There are 2 protein chains.
Amino acid sequence: MVTLRDVARVAGVSLATASRAMSDAPHVSAANREQVARAAESLGYRPHPAARALTTGSTGTVGLVVPDLANPFFAAVAKGVQARARETGRDVLVADTDEDVAVEPDVITRLGDRVDGLVLCSPRLPADALGPLLAAAGGPVALVNRETPDAPSVSFDIADGVRQALDHLRALGHDVVAYAGGPRTSWSDGERRTALGALAGDTVLDLGSFRPTHGGGVQAADLALAAGATAVLCFNDLVALGVLARLHARGVATPADVSVVGFDDVAAASLVTPALTTVAVPLARAGRTAVDLLGAASAPPDHRRLPVELVVRSSTAPAPPTPVQPDPRTTVPRTADPEVVIR
Amino acid sequence: MVTLRDVARVAGVSLATASRAMSDAPHVSAANREQVARAAESLGYRPHPAARALTTGSTGTVGLVVPDLANPFFAAVAKGVQARARETGRDVLVADTDEDVAVEPDVITRLGDRVDGLVLCSPRLPADALGPLLAAAGGPVALVNRETPDAPSVSFDIADGVRQALDHLRALGHDVVAYAGGPRTSWSDGERRTALGALAGDTVLDLGSFRPTHGGGVQAADLALAAGATAVLCFNDLVALGVLARLHARGVATPADVSVVGFDDVAAASLVTPALTTVAVPLARAGRTAVDLLGAASAPPDHRRLPVELVVRSSTAPAPPTPVQPDPRTTVPRTADPEVVIR
DNA sequence: CGACAGCCTGGAACCGGTTCCAGCGTGTTC
DNA sequence: GAACACGCTGGAACCGGTTCCAGGCTGTCG
């Protein structure tokens with residue numbers, strides 16, 4: 001292994017000078033700078049990351065914590081984080097919590113020690129547990145798809161996305177829109193619900209909370225049908241895909257009988273038939289922005305809201321003249337509580 | 001920041017003893033061991049990773065290089081790598097080459113310096129460039145979905161997967177099977193082609209090479225139709241999904257008129273309609289196994305082939321009595337060269 | 001009762017860089 | 001021509017751990 005001492009010896013200068021030359025510091029003559037560069041090149045010198053980290057205190061690494069790497073939503077964010085980090089000469093240490101809230105604190109503190117900054121994507125931790133943890137991380141932290149007063153964050157203009165979706169469905173003649181919600185503990189589900197309440201309080205039918213997966217959508221579809229909804233707005237694309245699949249299986253035509261709108265614009269959304277109308281969210285950009293926020297600590301913390309855009313595809317159409325009748329043989333389960341209107 | 005010196009002072013022992021106590025080394029009295037543990041606990045001591053790495057030469061980190069984090073295939077492998085690394089007390093440094101061969105060498109050498117071992121998933125680099133690079137990594141390397149004599153690897157029993165798919169289609173009465181191939185430079189496409197040639201030389205119709213994406217499948221579907229194929233075996237699930245979508249768009253019924261088989265069993269495969277019959281590949285397990293191979297260097301290197309399993313869903317059915325006629329108005333493009341039979 | 005073995009212990013060297021500081025040489029200015 | 005400023009240089013301290021080595025203590029055996 002070749003160290004800086006070797007480079008210094010070959011270049012005929014002291015260790016200190018070699019170090020300065022390598023890091024483009026001032027107080028090095030052009031001749032020596034050249035000598036050192038040449039020696040380093042010929043020896044194939046590569047600085048030892050740990051040694052550098054020990055003295056400078058900076059590791060050249062950013063951490064990323066996501067609930068599930070295999071979820072296309074997080075994968076897209078991860079890609080953005082990775083790309084931006086590489087552009088700025090840093091590496092990414094990634095941790096997958098497997099959707100388990102209990103491991104989040106461990107992972108955050110462990111990673112916190114090893115990185116220059118930490119990006120937390122959609123942490124599931126409740127606000128009161130998150131706050132103290134951010135301090136314990138011991139370095140800059142930026143959140144994605146979650147907001148808290150204690151740290152900078154980048155999230156999406158969910159209210160505007162909900163408005164665009166609602167405007168679109170109303171323009172198509174859907175007077176009442178059913179909402180297939182995500183987990184109650186989800187910050188972004190809360191944002192959607194708040195927006196729905198503010199924008200269209202008494203014309204939104206709450207189908208309840210579902211797991212943010214294909215299965216959750218399947219479940220929601222039956223409730224939507226039972227309630228006689230002509231349009232379903234979904235927590236995310238996976239849920240929307242589940243709704244689509246279930247409607248198809250039950251012989252309900254989309255978009256002729258029921259329109260479906262998703263959220264996120266995951267890759268699969270445009271590949272399915274009918275192609276999904278959905279609120280596109282700049283996931284990779286969010287990842288990139290989060291990395292940039294790590295560098296720019298400010299007080300009060302910076303909260304970015306990235307713009308979103310409704311992408312109209314083939315899963316939405318004008319409301320049918322006579323909406324599907326609620327199936328008289330079915331009843332809506334209590335837990336879904338579809339009578340409750342969001343305010 | 002609290003260092004081991006602080007712990008030693010509080011515990012009333014020397015730095016050396018404190019170090020030994022913390023790392024469960026021998027030659028420490030039970031009393032001192034207890035004192036040190038207590039002091040470390042009360043001070044909230046956490047060892048400095050860079051300092052440890054500097055002396056021991058081990059970083060407690062494994063590297064992972066993938067072509068595209070957002071591709072569900074690689075995401076699943078990454079999840080496996082991450083899980084196994086965490087179980088063994090290590091972290092994962094991940095790099096996404098964005099499908100660009102040119103950046104692979106850079107990424108590999110850069111990451112190689114910072115990790116105890118490197119997992120390379122589906123490197124696109126040609127064999128003659130890969131070999132030297134593995135040495136340059138300067139530590140143990142394990143490959144996933146790629147084999148080379150120079151390093152241990154974990155791949156899949158592709159030949160058996162191809163056999164299962166072929167047996168299935170033949171049992172359904174498909175005499176000739178079209179193959180929608182992946183990139184010529186892909187090692188695993190080569191494996192599929194070799195298996196096809198060995199198993200069914202003159203009953204396989206080569207549709208050509210396509211980008212391993214939905215778009216590639218769309219492209220392949222038209223060629224399959226033009227050639228009058230009743231069954232299409234695809235390089236991977238994304239291609240199969242594209243084929244399915246295009247057949248649907250052109251009014252061809254699946255599986256009644258044409259059967260489609262994918263490869264990998266990505267999550268989307270089971271969510272689409274008709275659900276995709278595909279060769280399921282243990283992606284996460286491959287990731288875990290690769291991490292284990294890093295620890296167990298052996299000569300000659302260990303090459304694991306994980307078993308695969310055909311999952312029969314709804315995209316395959318008995319061959320139609322009278323196959324779809326090749327559309328007389330279309331001709332098969334030259335580049336696809338469907339006349340060429342794999343041997 | 002003395003010698004020897006063996007377990008603990010702490011001082012010090014070391015890992016590979018970065019950076020402070022003192023010293024040297026040159027150029028500039030009264 | 002002397003004093004001063006400034007740029008370059010290398011010796012040495014330092015970052016926070018790990019580990020070698022010498023020495024002290026206790027226990028056992030002859």
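Keep in mind that this is a model prediction, so the values were computed, not measured. Chain A is the first sequence line, chain B the second, and so forth, proteins listed ahead of strands; every chain is numbered from 1.
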Minimum side-chain heavy-atom gap Glu87(A)-Val291(A) below 4.5 Å | no

Net bend of the helix from dC1(C)-dG30(D) to dC30(C)-dG1(D), end axes of five pairs each, nearest 10 degrees = 60°

Measuring to OP1 and OP2 of [N], would you say a side-chain N or O of [X] lies under 4.0 angstrom away?
{"X": "Thr56(B)", "N": "dT18(D)", "result": "no"}
{"X": "Ser14(A)", "N": "dG11(D)", "result": "no"}
{"X": "Thr55(B)", "N": "dG17(D)", "result": "no"}
{"X": "Arg52(B)", "N": "dG16(D)", "result": "no"}
{"X": "Asn32(A)", "N": "dC8(D)", "result": "no"}
{"X": "Ser19(B)", "N": "dT18(D)", "result": "yes"}

Assert: residue with more 5' nearest nucleotide on DNA chain C, out of Val13(B) and Leu4(A), is Val13(B)

Distance check needed: [N] [atom2] versus [X] [atom1], whole Å only.
{"X": "Met22(B)", "N": "dT18(D)", "atom1": "CE", "atom2": "C1'", "result": "13 Å"}
{"X": "Leu43(A)", "N": "dG16(C)", "atom1": "CG", "atom2": "C1'", "result": "15 Å"}
{"X": "Arg114(A)", "N": "dG16(D)", "atom1": "CZ", "atom2": "P", "result": "16 Å"}
{"X": "His27(A)", "N": "dC21(C)", "atom1": "NE2", "atom2": "P", "result": "13 Å"}
{"X": "Leu15(B)", "N": "dC20(D)", "atom1": "CG", "atom2": "C1'", "result": "14 Å"}
{"X": "Asp24(B)", "N": "dT18(D)", "atom1": "CG", "atom2": "P", "result": "12 Å"}
{"X": "Gln35(B)", "N": "dT9(C)", "atom1": "CD", "atom2": "P", "result": "11 Å"}
{"X": "Leu54(A)", "N": "dC14(C)", "atom1": "CG", "atom2": "P", "result": "17 Å"}

How long is the straight-line distance from [atom2] of [Y] back to [atom1] of [X], given to the nearest 0.5 Å?
{"X": "Leu120(A)", "Y": "Asn145(A)", "atom1": "CG", "atom2": "CG", "value": "12.0 Å"}
{"X": "Asp116(B)", "Y": "Thr56(B)", "atom1": "CG", "atom2": "OG1", "value": "8.0 Å"}
{"X": "Leu54(A)", "Y": "His48(B)", "atom1": "CG", "atom2": "NE2", "value": "6.0 Å"}

Nearest-nucleotide wise, let me know which of Arg20(B) and Gly12(A) is further upstream toward the 5' end of DNA chain D.
-> Gly12(A)

For Ser29(A) and for Thr3(B), locate the closest nucleotide of DNA chain D by heavy-atom distance; then report the residue assigned to the nucleotide nearer the 5' terminus.
-> Ser29(A)

Report the C-alpha distance between Thr61(A) and Arg114(A) in whole Å, list the side-chain angles of each, state the deciding distance to 0.1 Å, and finish with yes or no for side-chain contact (heavy atoms from CB on, under 4.5 Å).
-> CA-CA 8 Å; Thr61(A) 305; Arg114(A) 318 173 83 92; over 6 Å; no

Could you tell me whether the side chains of Arg5(A) and Thr3(A) share a donor-acceptor contact shorter than 3.5 Å?
-> no

State whether the number of non-hydrogen atoms from other residues, nucleotides or ligands found under 6.0 Å of Glu41(A) atom CD is greater than 12.
-> no

